[in-house]
Amino acid sequence: MANIEKKDISMHYDFKEIEKNWQEFWAKNETFKAENKSDKPKYYVLDMFPYPSGAGLHVGHPLGYIASDIYARYKRHKGFNVLHPQGYDSFGLPAEQYAIQTGQHPAVTTAANIKTYRRQLDQLGFSFDWSREVRTSSPEYYKWTQWVFIQIFNSWYNKDTDKAEDVERLIAKFSTDGTANVNAVCDDDIESFSAADWKSFTDVKKQEILLQYRLTYLADTEVNWCPALGTVLANDEIVNGVSERGGHPVIRKKMTQWSMRISAYAQRLLDGLNTVDWPQPLKDSQTNWIGRSQGASAVFNINGHDEKIEVFTTRPDTIFGVSFMTLAPEHELVAKITTPEQKAEVEAYIEATAKRSERDRMADVKTISGAFTGAYAEHPFTKKPIPIWIGDYVLAGYGTGAVMSVPCGDQRDYDFAKHFKIDIPNIFEGVDISEEAYSDKDQTIIANSDFLNGLPYKKAMKLAIYELEKLGQGEGKINYRLRDAVFSRQRYWGEPFPVYYVEGMPQMIAPEHLPIKLPEVDKYLPTETGEPPLGNAEVWAWDVNKSAVVSNELIDNKTVFPLELNTMPGWAGSSQYFNRYMDPHNADEIFSKEAIDYWQDVDLYIGGSEHATGHLLYSRFWQKFMFDKGLVPKDEFAKKLINQGMITGTSAFTCKITDFILTGSETEASDDLILDLGDQEEAVLKLKKLQENFGNTFISFDYLEETYEKQFRKFPIFVRAKEIPVLSSKLLTLDLSDDISFVINPIHVDIDLLSKIKEGSTIKYTDELESEMFYNWRAENEDSILIFNEDSKFKVYREVEKMSKSKYNVVNPDAICEEYGADSLRLYEMFLGPLEQSKPWNTAGITGAHGFLKKLWRLYHSGAEGAFAVSEDEPSKDSYKTLHKTIKKVEEDIENFSFNTSVSTFMIAVNELGSQKCNSRKVLEPLAILVSPYAPHIAEELWKQLGHEGSISTVDFPKFEEKYLVESSKEYPVSFNGKMRFKLELPLDLSKDEIEAAVMAHEKTEKQLQGRTPKKVIVVPGKIINIVG
RNA sequence: GCAGGGAUGGCGAAAUGGCAACCGCAGCUGGUUUAGAACCAGUAGUCUGAGAGUUCGAAUCUCUCUCCCUGUACCA
């Protein structure tokens, strides 16, 4: 193609030139800038806040962005004032880890990553209003994160009004009535006092008390400490007992930490779920996370002690079935009540459970363990003694850390009782409990239970609670699993707290002095004394006179005080960002009243389901708090939420020899086997030799394929050396017996190390490893031994997994944009399948989407040598029909977020218009608008060529008109007993009887019936005819 | 264990009670053209995971079973 021709973009579809031009046009004209004042109705479309990682985007990331962009563009065509902002959640661990390794300031790497991200986003043609961009790590932004924190600190939760209120109100109540009329969500161990007491307290004491009520408070908390990361993690940052990021072990540790009293909002967070249009699985996981259970608390006296055991139970109706009590090993009463005889056993048990890591306890739920304390509790009604045990199946962190054990009604209690031979009384009428506990509630009739005899579950429960209350030994209670959220992190790259300490008590810095900027440090690791990284800062003290951050040397604890060394967690900055977008550059307020009143809330929120119990729960909490304070008009921030499905990639694995089994027949690990062998020393030597020769060895997958199939398609694979001649002969040359087995495990390799073949225009990955590239890939592979197959090739094992950098199976969108353009990529990503389902990526298929765009272009360029040619003629009836059925379908599809089906609708339309040789403006103009949300660049270009000035983006969406689709006749499928046999064209205005007559008179009907008389003829006008008989 | 989702050509999928497989990829045949490619015309496949039920009619609704995916788990 000559260069001259290439410049004339009207001649052929030059997507590179088109996309570049229009991206420049949009940026220059601020086409997508949203105004905070408009006569149009508002619509707010938001993508979940991206963290700008160093790896950049892969093809899985834009899926949600493309969907939300189509919707935003569609809403603009529909006359809405659309807010579609984007920004960066730019504080976070990866940048800090990188800083620790390289010494580079996280701000520098973050800025570089954002640049890459922005370039990649821009190249996809998204209609973001970039004038509203925010970054959580910029002081202008985190000023307001700090500001919200101060508001939360200055609030308490009043149960009477069921909302957050200013702490001043609480102080006023204390001053007039003491704690008498205070009904607050607060710490468990609060003291009661009178108004006079309050006035007599010292200032420090008052502050201490208030901390027990504030919605964010400082307290010694059992936290999940991750030694490898040097920080505390929230529950949702831990997966399977190890850190979500990096997979490091996590231990429990007591530390003084900021916490958020999210538990105050447990019920409202639950109730709010009924008011939002969010996916059910997401709602379910929040419901489970909050974990409401209704029941009763019951207090058991302990024989010979003043202390009492309080338990929470959801089955107070089974209280006569209690045959023992179980305390968590960590329970504070354990040490006090244990008898001298049982002391040794109990202490040994506590020590043993403490040693078991969280991970072991999770992996091993079957083993029953516990110890008897020697002490007895007293049953509230029967007054009989009940033995008190400890067991690690009772969790210290849930309820009171103690349970009343009812073995006949709870399987865990049942197993425990069986194991320790404790009595299992049956309190259910007509139920056999000799094999397992009976936990069904609905059909239960209580027996052997004094005043509860003969009652069903619900009535028994009410009566039991009533009787407990009468005794003063219990009450009806609702318990939540949701714990207060730890809000401190021992990290550098996060929001600093606007907090300094006077006599150990936290003080807020006045809002007018915000932001408190993150100080500079020499290194990003904890200090030698174990303080968080901010402990390395030299200028990190607060001067109350100057109202400024000053050098640590000036700390005198009179006018200059130390500042908080922790920083805020990742979710701090993302919990209000959707509101800040409404007025992102406001320096005086978090957002103006006009802005929040106009935009209200997010209408459509699109993002991944991994945020279900983290970001999406915390944000709802902050929003409800802001609502209580009258700052926002809605107490739920997002009306509708969609989780886009993930894109999967085909990972490649090399099969590595990871272990040896000396007997050759068993599938046991080598450690266990040594014990069985006569000559241990010989075995050790043998293993050593094997390790030396096969320690870093990989084997081509085709040797293993058969064995893999046989072993239930699971790794590790156990193969006998004898079965693989290459291995067997190598063993023999090493003077080793081939009567051994190898244990083989898969190790990820980058799919870029596979050899590629060109197939048509696309590049396809094979299952073959390029060995030279493999040796050079990573240092540890340099000396690797590859065992090739008979054809001297090395095959890898392939498996479909979530596309992820860590799995080395990512496909980069840059190369695809380069070859096919953003419009092709956008269409293809939507074409793959339903938005919410996960689907595999296959780059080869993109040619279909690209081919469609070329055909679309040709519709408008039917002139000589592909020149632009559009006629002013009236389109044919068929063309009108094609257009209007397309309008109808595309509109329905977008409203239902069914983007994949509208792409195929476009393809059909273009194929039909092509064969109709349609080039009428009256059809092609609306068609360009229909396509524009999906493929905006080509649509803009065609719009311009059609002679329009300015962007297509706010042109009215074409109006569907039914009249073009009205048909006068219908080709009826004629079925016999439900099977379609032939078709018959009949006018649509025939009545049922007329249709039946016409069908029965038809010769083919006679042929089908072969003389039989039909029992019944079903006629559904406009649809189908079915003849039975 | 519990909760949710799913199973349709070789692959991704469409059809939500009425003609199964629109559309695309891959395949095959032919044409045209090329340095490579592109383009055009045509074409095959299989019977909706298994079994039962409701119905004139079921991929679709109901029940049972099998398998897969995702989330979650000693929560009293």
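In the text below, chain A, chain B and the rest are named by the order of the sequence lines, each starting its count at 1.
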When you check the phosphate oxygens OP1 and OP2 of [N], does a side-chain N or O of [X] lie under 4.0 Å from one of them?
| X | N | answer |
| --- | --- | --- |
| A:Asn900 | B:A14 | yes |
| A:Arg858 | B:C40 | yes |
| A:Arg412 | B:C75 | yes |
| A:Asn911 | B:G24 | yes |
| A:Tyr398 | B:A76 | yes |

Does [N] have a Watson-Crick or wobble partner in any strand here, with both distances under 3.5 angstrom, and which is it?
| N | value |
| --- | --- |
| B:C2 | B:G71 |
| B:A35 | none |
| B:G24 | B:C11 |
| B:U54 | none |

Using the six-membered ring wherever Trp is involved, compare the ring planes of [X] and [Y] and label them parallel, tilted or perpendicular (cut-offs 30° and 60°).
| X | Y | value |
| --- | --- | --- |
| A:Phe324 | A:Phe416 | parallel |
| A:Trp857 | A:Tyr13 | tilted |
| A:His1002 | A:Phe982 | parallel |

Using a heavy-atom cut-off of 4.0 Å across all strands, would you classify [X] as base, sugar-phosphate, or nothing?
| X | value |
| --- | --- |
| A:Pro834 | sugar-phosphate |
| A:Lys802 | nothing |
| A:Ser975 | nothing |
| A:Val1028 | sugar-phosphate |
| A:Asn288 | nothing |
| A:Lys1015 | nothing |

Rounding to a whole Å, what distance do you find between [X]:[atom1] and [N]:[atom2]?
| X | N | atom1 | atom2 | answer |
| --- | --- | --- | --- | --- |
| A:Tyr393 | B:G1 | OH | P | 22 Å |
| A:Tyr820 | B:C25 | OH | C1' | 12 Å |
| A:Phe831 | B:C23 | CZ | P | 10 Å |
| A:Leu63 | B:G12 | CG | C1' | 14 Å |
| A:Met646 | B:G12 | CE | C1' | 16 Å |
| A:Arg826 | B:G24 | CZ | P | 21 Å |
| A:Trp389 | B:C74 | CH2 | P | 23 Å |
| A:Gln280 | B:U70 | CD | C1' | 15 Å |

How far does the [atom1] atom of [N] sit from the matching atom of [M], given to the nearest Å?
| N | M | atom1 | value |
| --- | --- | --- | --- |
| B:A14 | B:A20 | C1' | 10 Å |
| B:C47 | B:A76 | P | 49 Å |
| B:U48 | B:U8 | C1' | 4 Å |
| B:A7 | B:C19 | C1' | 24 Å |
| B:A44 | B:C25 | C1' | 16 Å |
| B:C39 | B:A58 | P | 42 Å |
| B:A59 | B:A21 | P | 12 Å |
| B:G12 | B:A50 | C1' | 25 Å |

Test item: side-chain donor near acceptor, A:Thr400 and A:Glu310, under 3.5 Å: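 Side chains of A:Thr400 and A:Glu310: no pair found under 3.5 Å.
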
Would you kindly say whether A:Asn479 and A:Ser293 are connected by a side-chain donor-acceptor distance under 3.5 Å? no

Which listed nucleotide (B:A3, B:C75, B:C23) is nearest to the side chain of A:Asp284? B:A3

Let's see if you can work this out: which of B:C25, B:A14, B:A3 has an atom nearest to the side-chain heavy atoms of A:Thr901?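 Of the candidates, B:A14 comes closest.
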
With a 6.0 Å cut-off (strictly less than), is the heavy-atom count around CD of A:Glu332, excluding the residue itself, greater than 12? no

When the nearest nucleotide of RNA chain B is assigned to A:Ala402 and to A:Gly833 on a heavy-atom basis, which residue is associated with the more 5' position?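 Mapping each residue to its closest nucleotide by heavy atoms, the 5'-most match is A:Gly833.
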
5' priority, RNA chain B, between A:Pro281 and A:Ile1024 [closest heavy atom]: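 Whichever sits nearer the 5' end wins; that is A:Pro281.
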
I'd like to know whether the aromatic ring centres of A:Tyr820 and A:Tyr828 sit less than 6.0 Å apart in this structure.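 No, ring centres 6.0 Å or more apart.
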
To the nearest 0.5 Å, atom CG of A:Leu859 lies from atom NZ of A:Lys854 at 14.5 Å

